[in-house]
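The structure appears right after this line, and notes come after that.
Chain letters run A, B, ... following the sequence lines, proteins first and then strands; every chain starts at 1. The model shown is predicted, which means the values in this text are computed figures rather than measured ones. Scope of the values below: all heavy atoms of this structure, side chains included, with no hydrogens, waters or symmetry mates.
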Amino acid sequence: GAVVSQHPSRVICKSGTSVKIECRSLDFQATTMFWYRQFPKKSLMLMATSNEGSKATYEQGVEKDKFLINHASLTLSTLTVTSAHPEDSSFYICSAITRGLAETQYFGPGTRLLVL
Amino acid sequence: DAKTTQPPSMDCAEGRAANLPCNHSTISGNEYVYWYRQIHSQGPQYIIHGLKNNETNEMASLIITEDRKSSTLILPHATLRDTAVYYCIGSIQGAQKLVFGQGTRLTINP
């Protein structure tokens, strides 16, 4: 299967600061990447869909000015949590889809964010 | 996307076959049934998917009923490492968006 990586795996930051999370497809080109958020004991919630070279599409209720998504290349998408608050603490997971592998969505290992 | 219904939890003995059911009575003709699992504190792992026919790969088998209203994921010889939350999702292949429900928490007991 295809490999998706995320960096960092965990991050702690102070309230008011911004945090950038990277998502990379390591062995394939991903025309579309997705960002999910998962709170403890809850299921994954899709935040946004990111297409290479175009603006991300955000799900209802997700603030696009707070969660900045950039998909500058076919192997990299970034999520920046701006002016982080403690309630932004969560597990952030990216995924990527590749047309070469039956258009199956493959997920990264996740990034655990703790905002103090 | 089709709504899916799964039991919240299941137990299985190590070495036995684990059979995880999923109901998707509203699935449309062009929607595939995808199975993912999530081991604690990790990203979801793709297992298998199918449209009409039964499918098998190195991880599992997927049995889809003829009317496509339900399916069963079979882990033939469960190990302790198969303990995870298993998600059954209906989605149009290539349409991209996956909607995760609560899944089934499978516990493999020694």
Side-chain angles (χ1 to χ4, degrees), chain A residues 1-7 9-10 21 23-26 28 30-52 56-60 62 71 90-114, chain B residues 1-9 20 22 24 30-53 55-60 62 73 81 83-107:
Chain A
V3 180
V4 177
S5 71
Q6 283 184 241
H7 178 79
S9 58
R10 58 180 62 211
I21 302 170
C23 176
R24 294 183 185 272
S25 56
L26 297 186
F28 66 98
T31 53
T32 304
M33 288 184 170
F34 306 86
W35 288 96
Y36 294 80
R37 180 168 52 181
Q38 186 176 33
F39 292 107
K41 299 189 186 302
K42 299 294 185 181
S43 191
L44 284 78
M45 294 288 293
L46 180 65
M47 298 174 67
T49 301
S50 167
N51 291 298
E52 186 265 338
T57 302
Y58 290 81
E59 295 298 302
Q60 191 172 9
V62 178
H71 192 164
S90 187
F91 192 47
Y92 291 87
I93 308 168
C94 74
S95 69
I97 195 161
T98 170
R99 302 203 184 286
L101 286 174
E103 301 183 328
T104 298
Q105 206 169 127
Y106 293 92
F107 287 80
T111 295
R112 190 161 299 283
L113 170 64
L114 176 61
Chain B
D1 295 327
K3 177 177 170 54
T4 61
T5 304
Q6 299 176 253
S9 63
L20 291 89
C22 178
H24 33 78
N30 60 349
E31 282 187 299
Y32 286 72
V33 179
Y34 284 85
W35 282 85
Y36 285 82
R37 72 180 182 184
Q38 187 177 27
I39 295 169
H40 184 62
S41 294
Q42 297 182 26
Q45 177 188 22
Y46 167 77
I47 301 173
I48 199 168
H49 75 284
L51 183 63
K52 295 181 185 177
N53 300 322
E55 302 287 341
T56 295
N57 62 21
E58 65 279 4
M59 289 184 68
L62 174 60
L73 178 75
R81 288 177 294 180
T83 292
V85 178
Y86 287 75
Y87 296 99
C88 167
I89 302 168
S91 182
I92 298 172
Q93 191 177 44
Q96 308 163 3
K97 185 173 177 176
L98 295 179
V99 178
F100 285 80
Q102 295 306 306
T104 295
R105 183 172 297 278
L106 175 67
T107 301

Min side-chain heavy-atom separation Gln42(B)-Pro109(A) under 4.5 Å: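 Gln42(B) does not reach Pro109(A) side chain to side chain.
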
Pro44(B) and Tyr36(A), any side-chain heavy atoms less than 4.5 Å apart: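 They are not in contact (no side-chain heavy atoms under 4.5 Å apart), so the answer is no.
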
Check each atom of Leu44(A) against the heavy atoms of chain B and say whether the ones under 4.5 Å are side chain, backbone, both or neither.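 Contact with chain B: backbone and side chain both.
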
Check whether the ring centres of Phe107(A) and Phe100(B) lie less than 6.0 Å apart, and answer yes or no.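 That pair passes the under 6.0 Å test.
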
Please rank Gln105(A), Arg112(A), Gln38(A) by heavy-atom pairs under 4.5 Å with chain B and give me the top one.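 Sorted descending by pairs with chain B, the first entry is Gln105(A).
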
Tell me if the CE atom of Met59(B) is crowded by more than 12 foreign heavy atoms within 6.0 Å.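 Buried by this count: over 12 neighbours within 6.0 Å.
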
Quick one: pull up OG1 in Thr104(A) and CD1 in Ile48(B) and give me the separation to the nearest 0.5 Å.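 Interatomic distance, Thr104(A) OG1 to Ile48(B) CD1, rounded to 0.5 Å: 11.0 Å.
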
With a 4.5 angstrom heavy-atom cut-off, could you sort out which part of Gln45(B) is near chain A: side chain, backbone, both or neither?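 Nothing of Gln45(B), per the 4.5 Å heavy-atom cut-off to chain A.
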
Below 4.5 Å from any heavy atom of chain A, which atoms of Tyr32(B) appear? Answer side chain, backbone, both or neither.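 For Tyr32(B), there is no contact with chain A at all, as no heavy atom is under 4.5 Å.
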
Over all atoms of both residues, closest heavy-atom pair of Phe91(A) and Ser41(B):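 That would be CZ-O, 3.7 Å.
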
